[in-house]
Amino acid sequence: MTESTQVRTRIAPSPTGDPHVGTAYIALFNYVFTKKNRGKFILRIEDTDRTRARHDSEKAIMESLQWLGLNWDEGPEKGGPYGPYRQSERKEIYQEHAIKLLEKGEAYRCFCTPERLAELRKHNKGRGTGYDGKCRNISPEESQKKADAGEAFTLRLKMETQGESVFTDELRGQVTRPYSELDDQIILKSDGYPTYHLANVVDDHLMKITHVIRAEEWIPSTPKHVRLYEAFGWQQPKWIHMPLLRNKDKNKTKISKRKNPVSLIYYKEAGFLAPALVNFLALMGFNYGEDIEKFTVPEMVEKFSFEKVSLGGPVFDVDKLKWLNGLYIREMDEEKLLDSIQEIWLNREYFKQLIPHVQKRMNNLNDFIDKTHFFFTSSLDYKTKDGKRLVPKSRDPKEMVKLFNEIAGKIDGLESFSIANLEQMLRTLTEEKEWKIKEVFMPVRIAISGQKASPPLFESMHLLGKERLRARLREAANFVEKRPTYFR
RNA sequence: GGCCCUAUCGUCCAGCGGUAAGGACAUCGGCCUCUCACGCCGAAAACCGGAGUUCGAUUCUCCGUAGGGUCACCA
């Protein structure tokens, strides 16, 4: 196989939050397809949004992908022939390319203010941003003059105005979209950073990506990318859009942390094995054949073909994941299993953090287990005397469901997951609601520990960890929601 | 709302013009068993609707319908 035809794929996560199960899903299919074709799989960090990109997030994404065994051939830290692999380090490259388009007349400077654009958007009728092309006809001289005078501007790509855009999705065939739907896209922001569209296309080309395997949500903007390839005079890669993972709710909406744990860290901390999770993800859309559902990544590589991928949005149903995980656990040898169990929570370091909070509460060494068991169980039994306190007499079940979900939602908004911030958040919330302290703190205590007597609340929440804390609050909300009469 | 994508048991997948529509999870029943779990056996459970093409449509085409996605100086 020659250099020019070698398959090259990439996973391009944006480091703006916890490592997402959807990222792992797409990475898996990229990985498997690449291995099948003896190609190269690249990790590229898309951190052009300076207000949202976070370094710890980037690190967590890499660790999670490694945990799952989805290792990349080229990427940040690791390097490779087409680096750097972090978009924030490629700013000049995008600017050079954007200028090329400006010189070719494929792009132009837009001096419109964000305010004006917001105004236009209000009145748009299905035509993208509703941008009216005001700056498209400014003469190059005039444009240059304004720029030299220091006026802020963005760069926009000239889109076609007539006809329709057509591209081939390898899984669905031709996808067409009328050009009237697409207006001139901003490719360079006024801060000099590129938007996703520009950075993505430039990088994919420069990194010699042959197959763009990404989520279905990108289909509507693919015509923009195609236009960019045309404007540069480059050859397009193959387009492959995978279906979107869905929530288990009635409508099967795109998977979201509101309704489903989506962080890979959660799955690891909740005791799922990497091979089981990967296997489960593979089942979402891929059919191994011969009615076989349990298989390893190498086995999947062996059988893989995009013809075996179905397009209906698969519901991420943890029940089946649990069953699969059980299968993997049962086949582990005892030593390995023991190691794995100790690795997650039953380790000395974790116990050490627990000790200071329970020592005063212990009379007997065995009390340690009584006082801390909720740090280790995967789910709690609220059908107890204490459990009834999930809903205070002065509040009704609905209010509590809302409260628990609200808190779960706010956990992510914290600048950092610290004891002080947790306390601050709960106190503020209590004040906003004008509830009594005990109407909030006690139910939360029950929600996370199942008991009315527990180690200190905020410390416990912190020790539980962000992911399990959120899951537990959701669990409590579900319990109350399903059995409102239980609390009468 | 405009545009785009999708459509088989509750859920995940088979089926690629002729089948008693198959497997798995979950559910229910039974066996095993000191309990539970595992394991094994069994039950119940689906082709969104309407036209067209065809000798024959779950399968091909079109139209509905439904669900999803997307419409940012976010990715």
Side-chain angles (χ1 to χ4, degrees), chain A residues 12-17 20 22-23 45-53 87 110 112-118 120-121 124-131 152-156 164-165 167 169 171-183 185-200 214-224 241-255 280-294 307-327 329-331:
Chain A
S14 178
T16 52
H20 201 276
T23 304
I45 299 294
E46 308 227 329
D47 54 354
T48 53
D49 183 350
R50 296 153 75 227
T51 56
R52 296 202 305 159
Q87 292 189 329
C110 174
C112 296
T113 62
E115 292 70 38
R116 180 175 128 79
L117 297 178
L120 284 172
R121 205 170 304 132
N124 82 322
K125 312 182 193 69
R127 198 193 194 262
T129 59
Y131 183 63
F153 62 88
T154 60
L155 234 47
R156 280 182 191 270
E164 38 182 37
S165 166
F167 73 92
D169 178 282
L171 303 179
R172 318 155 212 266
Q174 292 201 332
V175 177
T176 60
R177 197 171 172 205
Y179 277 122
S180 58
E181 286 292 313
L182 302 149
D183 46 30
Q185 294 297 308
I186 291 180
I187 54 174
L188 203 67
K189 308 177 205 172
S190 55
D191 64 2
Y193 275 82
T195 56
Y196 169 86
H197 308 298
L198 208 227
N200 193 268
R214 55 181 9 171
E216 190 178 9
E217 57 187 329
W218 292 106
I219 290 180
S221 46
T222 304
K224 302 172 189 172
H241 293 91
M242 292 294 294
L244 244 23
L245 256 24
R246 311 292 183 88
N247 286 314
K248 202 183 173 178
D249 58 1
K250 186 172 172 291
N251 285 342
K252 303 188 186 177
T253 45
K254 173 164 94 167
I255 198 165
F280 176 69
L281 251 17
L283 255 21
M284 304 279 90
F286 172 71
N287 181 253
Y288 187 86
E290 300 163 58
D291 289 333
I292 291 171
E293 298 201 284
K294 181 173 175 295
E307 284 174 11
K308 294 182 183 174
V309 170
S310 54
L311 300 177
V315 171
F316 190 98
D317 186 356
V318 193
D319 277 339
K320 192 146 184 172
L321 207 207
K322 281 183 187 164
W323 162 75
L324 245 190
N325 203 49
L327 250 38
I329 284 181
R330 265 162 244 135
E331 74 173 16

**Request:** Report yes or no: is there a donor-acceptor pair, N or O only, under 3.5 Å between the side chain of A:Ser190 and the base of B:C73?
**Result:**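 Yes.
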
**Item:** Distance-only donor-acceptor test (3.5 Å): side chain A:Lys320, base B:A24
**Value:**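 By the distance-only test, yes, there is a pair.
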
Any side-chain N or O of [X] below 4.0 angstrom from OP1/OP2 of [N]?
| X | N | answer |
| --- | --- | --- |
| A:Arg330 | B:G39 | yes |
| A:Asn251 | B:G68 | yes |
| A:Lys294 | B:C13 | no |
| A:Lys252 | B:A66 | no |

What integer distance in Å separates [X]:[atom1] from [N]:[atom2]?
| X | N | atom1 | atom2 | result |
| --- | --- | --- | --- | --- |
| A:Phe280 | B:C13 | CZ | C1' | 12 Å |
| A:His20 | B:C74 | NE2 | C1' | 15 Å |
| A:Phe316 | B:C13 | CZ | P | 13 Å |
| A:Arg214 | B:G69 | CZ | P | 17 Å |
| A:Asp291 | B:A21 | CG | P | 17 Å |
| A:Leu188 | B:C74 | CG | P | 11 Å |
| A:Ile186 | B:C71 | CD1 | C1' | 14 Å |
| A:Leu327 | B:A24 | CG | P | 12 Å |

Mate of [N] where both pairing distances stay under 3.5 Å, Watson-Crick or G-U:
| N | result |
| --- | --- |
| B:C40 | B:G30 |
| B:C12 | B:G23 |
| B:U70 | B:G2 |
| B:U61 | B:A51 |

All N/O donor-acceptor pairs, side-chain side in residues 283-290 of chain A, below 3.5 Å, sequence neighbours left out:
| unit_1 | atom_1 | unit_2 | atom_2 | d |
| --- | --- | --- | --- | --- |
| A:Asn287 | OD1 | A:Gly289 | N | 3.3 |
| A:Glu290 | OE2 | A:Lys303 | NZ | 2.9 |

Which of these nucleotides, [options], is closest to any side-chain atom of [X]?
| X | options | value |
| --- | --- | --- |
| A:Glu217 | B:G68, B:G69, B:C13 | B:G69 |
| A:Trp218 | B:A75, B:C38, B:A24 | B:A75 |
| A:Thr253 | B:G2, B:A75, B:G69 | B:G69 |
| A:Met284 | B:C12, B:A75, B:C25 | B:C12 |
| A:His197 | B:G69, B:A75, B:C12 | B:A75 |
| A:Asn287 | B:C13, B:C74, B:C12 | B:C13 |
| A:Arg52 | B:G39, B:C74, B:U11 | B:C74 |
| A:Thr195 | B:C74, B:A26, B:A14 | B:C74 |

**Message:** Is the shortest side-chain heavy-atom distance between A:Leu171 and A:Leu311 below 4.5 Å?
**Reply:**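 A side-chain contact exists here, since the closest heavy-atom pair is under 4.5 Å.
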
**Request:** For the residue pair A:Ile219 and A:Phe167, establish whether any side-chain heavy-atom pair is separated by less than 4.5 Å.
**Result:**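 With C-beta onward as the side chain, the pair touches.
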
**Request:** State which residue, out of A:Leu198, A:Leu182, A:Asp183, A:Asn200, fulfils the side chain to side chain contact (heavy atoms under 4.5 Å, CB included) condition with A:Lys224.
**Result:**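 Answer after filtering A:Leu198, A:Leu182, A:Asp183, A:Asn200: A:Leu182.
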
**Item:** Partner of A:Phe280 by side chain to side chain contact (heavy atoms under 4.5 Å, CB included), out of A:Val318, A:Leu321, A:Asn325
**Value:**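 Among A:Val318, A:Leu321, A:Asn325, the one meeting side chain to side chain contact (heavy atoms under 4.5 Å, CB included) with A:Phe280 is A:Leu321.
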
On a whole-Å scale, what distance lies between the [atom1] atoms belonging to [N] and [M]?
| N | M | atom1 | answer |
| --- | --- | --- | --- |
| B:G50 | B:U58 | C1' | 15 Å |
| B:C25 | B:A46 | C1' | 16 Å |
| B:U61 | B:C5 | P | 13 Å |
| B:G2 | B:C60 | C1' | 29 Å |
| B:A45 | B:G22 | C1' | 14 Å |
| B:G1 | B:C16 | C1' | 37 Å |
| B:G68 | B:U33 | C1' | 47 Å |
| B:C41 | B:U59 | C1' | 33 Å |

Classify [X] by what it touches in the nucleic acid, base, sugar-phosphate, or nothing, heavy-atom distance under 4.0 Å.
| X | value |
| --- | --- |
| A:Thr154 | base |
| A:Thr51 | nothing |
| A:Pro314 | sugar-phosphate |
| A:Glu46 | sugar-phosphate |
| A:Gly285 | sugar-phosphate |

**Item:** Lys/Arg-Asp/Glu bridge criterion (N-O < 4.0 Å) met for A:Lys320, A:Asp317
**Value:**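 No, this pair does not count.
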
**Prompt:** Should A:Lys254 and A:Glu216 count as an ion pair when the cut-off is N to O under 4.0 Å?
**Reply:**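 Result for this pair is no, no salt bridge flagged.
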
Check nucleotides 4-9 of chain B for protein N or O atoms closer than 3.5 Å to its own N or O atoms and list the pairs.
| unit_1 | atom_1 | unit_2 | atom_2 | d |
| --- | --- | --- | --- | --- |
| B:C5 | O2' | A:Arg172 | NH1 | 3.0 |
| B:C5 | O2' | A:Glu216 | OE2 | 2.6 |

**Message:** I need the minimum non-hydrogen distance between A:His241 and A:Ala215, along with the two atoms involved.
**Reply:**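 Of all heavy-atom pairs spanning A:His241 and A:Ala215, the closest is CD2-O, 3.4 Å.
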
**Request:** Provide the closest heavy-atom pair for A:Gly22 versus A:Leu245 in the form atom of the first, atom of the second, distance.
**Result:**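 Minimum heavy-atom separation between A:Gly22 and A:Leu245: CA-CD2, 4.2 Å.
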
**Asked** Considering heavy-atom distances to RNA chain B, does A:Lys224 or A:Pro243 have its closest nucleotide positioned more toward the 5' end?
**Response**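 Per heavy-atom nearest nucleotide, the more 5' residue is A:Pro243.
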
**Message:** Under a 3.5 Å distance rule, please check whether A:Thr195 uses its side chain to pair with a backbone N or O of A:Ile186 as donor and acceptor.
**Reply:**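 At least one qualifying donor-acceptor pair exists.
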
**Prompt:** Should we say atom NZ of A:Lys189 is surrounded by more than 12 heavy atoms from elsewhere, each under 6.0 Å from it?
**Reply:**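 Correct, the count exceeds 12.
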
